[in-house]
Amino acid sequence: VTVEMNNVALTYGTTRRFMDIFKKAKEIVCSGDIGDIVEITVEFGESMLMWDHPHSVDLLIFISNSYKVDSVQGTCRDSNSSFKGNLLDDDPIVEKAYIKFEDGVTGIIESRPGKNLRVQGTHGTVTVLNNGSNLIVHNKNGEKTIDLSDIDISPSMSGRERAFHELEQAIYNNTPEITSIQPNEIELNQNILLGIVLSSLNGGFPVALSDVDDKFAVSGKFGHLYA
């Protein structure tokens with residue numbers, strides 16, 4: 001709210017939404033070619049909550065265009081040992097997480113390796129493999145209809161470069177709304193991450209984001225470093 005009230009331009013380090021291949025995946029999803037979104041799965045391997053999964057959660061938000069969450073459910077490895085008061089002084093490994101969006105879309109974070117994004121629709125699937133090295137579309141019969149060779153993607157800049165370029169333009173033109181990520185998406189991302197940990201601390205049961213105490217925090221500590 002403070003950011004929006006003061007017309008502040010900002011960006012966030014979840015750079016895949018700024019990459020051409022992920023933007024193309026979203027374009028295909030939004031075109032209706034695979035029908036309505038049913039489920040979005042992100043596979044980022046056995047990864048730490050605050051180091052890798054801001055990226056996972058951002059992809060779920062970016063692809064789904066969903067900004068209201070019914071519940072979050074997750075399990076994290078060894079999340080209890082570093083929890084004191086309202087602080088988890090750690091960056092736990094996420095084993096699995098489910099995010100149920102209000103519009104019925106389910107977001108899943110898997111510990112499978114590969115850095116893959118899979119979007120399941122009522123009439124087909126869109127898959128981005130190996131951190132953006134390939135994009136494949138299948139129809140509901142499992143037949144491949146599009147792959148990367150069918151798509152004209154010639155990136156003019158990396159995701160990181162585009163994020164900073166948009167931020168520069170937003171500041172220069174006093175138009176913070178032109179950046180590809182908005183404050184409400186960043187806030188939702190962080191709340192979902194906290195919800196995953198809270199669920200894990202409560203035995204993996206689903207939690208509502210309203211259950212997350214404002215004082216609850218995760219330090220993101222890994223050894224002597226912080227995410």
Side-chain angles (χ1 to χ4, degrees), residues 3-4 8-34 37 39-45 47-69 72 94 97 99 101 103 105-110 114-121 125-137 146 148 151-171 173 175-196 227:
V3 169
E4 294 167 338
V8 175
L10 81 165
T11 193
Y12 190 48
T14 50
T15 56
R16 286 170 183 80
R17 70 161 58 217
F18 297 93
M19 294 168 60
D20 289 305
I21 194 164
F22 289 99
K23 290 165 83 72
K24 186 64 179 181
K26 179 171 181 174
E27 180 185 316
I28 294 169
V29 170
C30 291
S31 74
D33 284 355
I34 64 165
I37 303 173
E39 185 176 283
I40 306 170
T41 303
V42 180
E43 302 164 350
F44 265 33
S47 304
M48 292 179 286
L49 180 85
M50 302 304 290
W51 184 256
D52 276 308
H53 290 301
H55 302 278
S56 304
V57 172
D58 186 63
L59 280 174
L60 299 178
I61 297 169
F62 175 62
I63 296 295
S64 70
N65 277 331
S66 299
Y67 304 114
K68 294 184 179 180
V69 171
V72 177
V94 176
I99 296 89
F101 291 97
D103 60 6
V105 174
T106 299
I108 301 174
I109 296 173
E110 291 273 11
K115 295 196 182 300
N116 305 315
L117 168 71
R118 305 181 190 275
V119 186
Q120 177 69 53
T125 61
V126 175
T127 306
V128 180
L129 296 170
N130 302 323
N131 207 27
S133 66
N134 199 4
L135 186 156
I136 304 172
V137 181
I146 298 174
L148 197 58
I151 304 169
D152 181 21
I153 297 180
S154 302
S156 58
M157 58 183 72
S158 69
R160 183 177 299 174
E161 289 171 325
R162 181 170 286 113
F164 281 111
H165 174 72
E166 287 186 6
L167 182 61
E168 177 189 33
Q169 293 301 306
I171 294 170
N173 296 306
T175 52
E177 70 279 357
I178 71 168
T179 59
S180 293
I181 190 164
Q182 295 300 307
N184 65 311
E185 295 175 298
I186 299 172
E187 181 180 15
L188 178 59
N189 185 309
Q190 292 295 296
N191 286 336
I192 289 173
L193 292 171
L194 293 175
I196 291 171

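Computed from heavy atoms alone, side chains included, the values below leave out hydrogens, waters and symmetry copies.
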Begin from the C-alpha positions of Ile151 and Ile21 and carry the test side-chain contact (heavy atoms from CB on, under 4.5 Å) through to its verdict.
CA-CA 9 Å; Ile151 304 169; Ile21 194 164; over 6 Å; no

Kindly indicate whether the side chain of Ser180, heavy atoms from C-beta on, has any atom under 4.5 Å from the side chain of Lys23.
yes

One should read off an interatomic distance between Ile34 CD1 and Gln120 CD, to the nearest 0.5 angstrom, of 7.5 Å

Contacts of Ser156 meeting side chain to side chain donor-acceptor pair (under 3.5 Å) (sequence neighbours excluded), chain-then-number -> none

Measure the CD1-CG distance between Ile171 and Leu167 for me, rounded to the nearest 0.5 Å.
4.0 Å

Could you pull out the closest heavy-atom pair between Ile109 and Ser56, with the gap in Å?
CD1-CB, 3.9 Å

Can you check whether Ile40 reaches Val29 side chain to side chain, under 4.5 Å on heavy atoms?
no

Smallest separation among heavy atoms of Val126 and Ala25, with atom names:
CG1-CB, 4.0 Å

Any donor-acceptor N/O pair, Asn189 side chain to Val57 backbone, under 3.5 Å
no

Tightest non-hydrogen contact, residues Val137 and Ile28, listed as CG2-CD1, 4.0 Å

For the backbone of Phe22 and the side chain of Arg16, can you confirm whether one donor and one acceptor N or O come within less than 3.5 Å of each other?
no

Any residue meeting side chain to side chain donor-acceptor pair (under 3.5 Å) with Thr127, in chain and number order, not counting sequence neighbours
none

Can you tell me how far apart CG (Asp58) and CZ (Arg17) are? Round to the nearest 0.5 Å.
4.0 Å

State which residues pass side chain to side chain contact (heavy atoms under 4.5 Å, CB included) with Thr41; sequence neighbours excluded, sorted by chain then number.
Glu39, Glu43, Ile108, Glu110, Arg118

Would you say Asn130 and Asn116 make side-chain contact, with heavy atoms under 4.5 Å?
yes

Please check this pair: side chain of Thr175 against backbone of Glu177, looking for a donor-acceptor N/O pair closer than 3.5 Å.
no

Can you tell me if Thr15 uses its side chain to pair, donor with acceptor, with the backbone of Phe18 under 3.5 Å?
no

Considering residues at least two apart in sequence or located in another chain, which fulfil the side chain to side chain donor-acceptor pair (under 3.5 Å) criterion with Thr11?
none

Of the non-hydrogen atoms in Ala170 and Pro176, which two are nearest, and what is the gap between them?
CB-CA, 4.0 Å

When rounded to the nearest 0.5 angstrom, what is the spacing between CD1 in Ile181 and CD1 in Ile186?
4.5 Å

Tell me the closest heavy-atom pair linking Ile196 and Ala97, and the distance in Å.
CD1-CB, 3.8 Å

With sequence neighbours excluded, tell me which residues meet salt bridge (charged side-chain N to carboxylate O under 4.0 Å, His left out) with Lys24.
Glu27

Which value, rounded to the nearest 0.5 Å, describes the distance between Gln182 atom CD and Tyr12 atom OH?
14.5 Å

All N/O donor-acceptor pairs, side-chain side in residues 59-67, below 3.5 Å, sequence neighbours left out:
from: Ser64; atom 1: OG; to: Leu60; atom 2: O; distance (Å): 2.7
from: Ser64; atom 1: OG; to: Ile61; atom 2: O; distance (Å): 3.4
from: Ser64; atom 1: OG; to: Ser66; atom 2: N; distance (Å): 3.0
from: Ser64; atom 1: OG; to: Ser66; atom 2: OG; distance (Å): 3.3
from: Asn65; atom 1: OD1; to: Lys26; atom 2: NZ; distance (Å): 2.9
from: Ser66; atom 1: OG; to: Ser64; atom 2: O; distance (Å): 3.4
from: Ser66; atom 1: OG; to: Asp103; atom 2: OD1; distance (Å): 3.4
from: Ser66; atom 1: OG; to: Asp103; atom 2: OD2; distance (Å): 2.6
from: Tyr67; atom 1: OH; to: Glu185; atom 2: OE2; distance (Å): 3.4

side-chain contact (heavy atoms from CB on, under 4.5 Å) evaluation trace for His53 with Ile192
CA-CA 10 Å; His53 290 301; Ile192 289 173; over 6 Å; no

To the nearest 0.5 Å, how far apart are CD in Glu161 and CE in Met19?
11.5 Å

